[in-house]
There are 2 protein chains.
Amino acid sequence: MSEARQYHHGDLHAAILERATRVIEQEGIEALSLRGIARDLGVSHAAPNRHFRTKADLLSTLARVGWEQITEATLRAAEEVLPNDAHHRLNAMGQGFLKWALKNRSMFAAVTHPDVERHADAELRQAIDEFQQSVRDAVVACQQAGRLSNLDPAIATLYTNSVPFGLAMSLKNPLFGTDLSDRDIDELVADLIELVVPTAEPDS
Amino acid sequence: MSEARQYHHGDLHAAILERATRVIEQEGIEALSLRGIARDLGVSHAAPNRHFRTKADLLSTLARVGWEQITEATLRAAEEVLPNDAHHRLNAMGQGFLKWALKNRSMFAAVTHPDVERHADAELRQAIDEFQQSVRDAVVACQQAGRLSNLDPAIATLYTNSVPFGLAMSLKNPLFGTDLSDRDIDELVADLIELVVPTAEPDS
DNA sequence: AGAGTTTTGTTGACACCGTCTACATTGGCA
DNA sequence: TGCCAATGTAGACGGTGTCAACAAAACTCT
């Protein structure tokens with residue numbers, strides 16, 4: 001009952017997603033193809049169609065999973081930080097995001113893939129909104145605690161949201177040959193996010 | 001001698017680039033195809049091959065042009081700003097970048113396209129390096145003028161470089177439904193970049 | 001338990017794409 | 001003027017996404 005090929009795969013849906021992330025990791029997101037995945041999984045070329053009607057659908061699902069992981073990773077980072085005041089929490093969220101992006105390159109690639117924004121379905125939108133909302137909450141808490149309080153929350157959120165995003169894109173792009181390879185990742189991340197959300201008391 | 005189809009197009013190379021940016025603008029970068037462009041230009045399907053051996057080659061060229069435009073736009077912004085001290089220059093560069101990205105969406109899409117980083121040729125790398133260097137120069141000048149002077153220049157450059165990048169990605173992505181549509185673009189850009197490179201004197 | 005229905009996978013087809021090769025036309029240069 | 005390199009064409013190949021028709025298994029209901 002083990003290696004005999006069965007007509008029904010068992011859980012092809014999950015297998016496709018898993019294989020897709022592997023392919024992206026190893027060969028880049030441009031090499032992703034439904035037929036290729038089907039081949040790798042030993043299943044007919046049209047089988048994935050039952051689970052993802054279009055390729056954009058697969059990308060979209062990957063992106064949704066990615067955003068859910070982002071939300072989870074940032075919120076967990078926020079809870080674990082000490083001291084657990086508003087500024088340290090927001091700072092930790094930034095660090096959590098950046099570390100996640102550097103560790104999960106294939107998912108981050110899916111999240112930022114240009115094809116995704118066209119065919120985004122409701123679930124993906126909701127996953128994004130959820131994350132945005134959590135950032136917004138943290139920003140507002142930060143403002144109430146005194147820092148950045150003169151800013152429009154929408155702008156502060158956009159800023160806080162975008163900066164780790166841009167940092168992740170730059171760090172992962174080999175063309176931006178910023179030579180920081182000798183640095184400790186955690187320290188680098190901490191230094192960078194400190195520029196965005198300072199935890200140190202401002203000089204007086 | 002005007003509308004009669006000639007065997008030789010005249011300047012197919014430039015025509016392809018121009019048509020490509022139009023397609024990206026109107027149908028998205030995922031809809032870009034060499035055959036489609038050839039069709040639009042009334043030329044045989046393999047004609048573009050003479051000018052761009054592969055599709056990645058076309059993307060790469062678009063990206064290079066994009067980076068050249070970025071360098072030009074940021075440096076011009078830096079020269080035009082008043083007062084023309086180091087901080088205002090760096091701030092103006094950030095604003096210049098962001099405005100360029102919002103105005104030239106198709107080029108920005110090419111610059112950030114995932115396929116580009118794989119098959120980047122020497123020219124593209126040089127164009128990127130040139131921009132990075134100009135940012136680095138501006139950052140160092142800024143540090144010498146007193147602000148941010150305790151930072152590793154590599155980190156400061158990475159930060160200054162990445163932030164407008166992330167902001168541009170967020171602002172252009174319709175999924176990040178940051179509702180800022182009622183705002184004046186110039187004012188929004190100014191407010192955002194002020195968070196990155198403050199021109200106002202720090203509170204004392 | 002067994003029949004009917006829904007889900008899942010297969011096969012084959014279609015149109016499109018990128019890219020290669022062989023050939024045709026042209027423009028420029030010796 | 002005649003040759004050659006540059007440019008465009010025609011055709012082919014393998015690859016891809018996606019659809020429709022069919023087959024097998026799983027599920028459901030009595």
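Chain A is the first sequence line, chain B the second, and so forth, proteins listed ahead of strands; every chain is numbered from 1.
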Side-chain contact check for B:His51: nearest option of D:dG8, C:dC16, C:dG9 is D:dG8

Looking only at C:dG9, D:dT9, C:dG18, the nucleotide nearest the B:Ser44 side chain is D:dT9

Nearest heavy-atom contact between B:Ser60 and B:Ala120 is OG-CA, 4.2 Å

Just the rounded figure in Å: distance from [atom2] of [N] to [atom1] of [X].
{"X": "B:His119", "N": "C:dG18", "atom1": "NE2", "atom2": "P", "value": "13 Å"}
{"X": "A:Leu12", "N": "D:dA25", "atom1": "CG", "atom2": "C1'", "value": "14 Å"}
{"X": "A:Ile16", "N": "C:dG9", "atom1": "CD1", "atom2": "P", "value": "8 Å"}

The answer to which of A:Ala47 and B:Leu34 contacts DNA chain C further toward the 5' end, by nearest nucleotide, is A:Ala47

Around atom CD of B:Glu72, are there more than 12 heavy atoms of other residues, nucleotides or ligands at under 6.0 Å? yes

*If you measure from the Lys or Arg side-chain nitrogens to the Asp or Glu carboxylate oxygens, is any gap between A:Glu79 and A:Arg76 under 4.0 Å?*
no

Produce the list of close N/O pairs, under 3.5 Å, pairing protein atoms with atoms of nucleotides 19-21 of chain D; give distances to one decimal.
unit_1, atom_1, unit_2, atom_2, d
D:dA21, N6, A:Arg50, NH2, 3.3

A:His88 and A:Asp85: side chain to side chain donor-acceptor pair (under 3.5 Å), yes or no, with the steps? CA-CA 6 Å; A:His88 283 88; A:Asp85 58 31; 2.8 Å; yes

Quiz item: Does A:Arg35 make a side-chain donor-acceptor contact with the base of D:dG17, cut-off 3.5 Å?
Solution: yes

**Prompt:** Under 3.5 Å, side chain of B:Glu194 to main-chain N/O of B:Thr199, donor-acceptor pair present?
**Reply:** yes

(Q) Ring-plane angle category for B:Phe108 and B:Phe97, please: parallel below 30°, perpendicular beyond 60°, tilted otherwise. (A) perpendicular

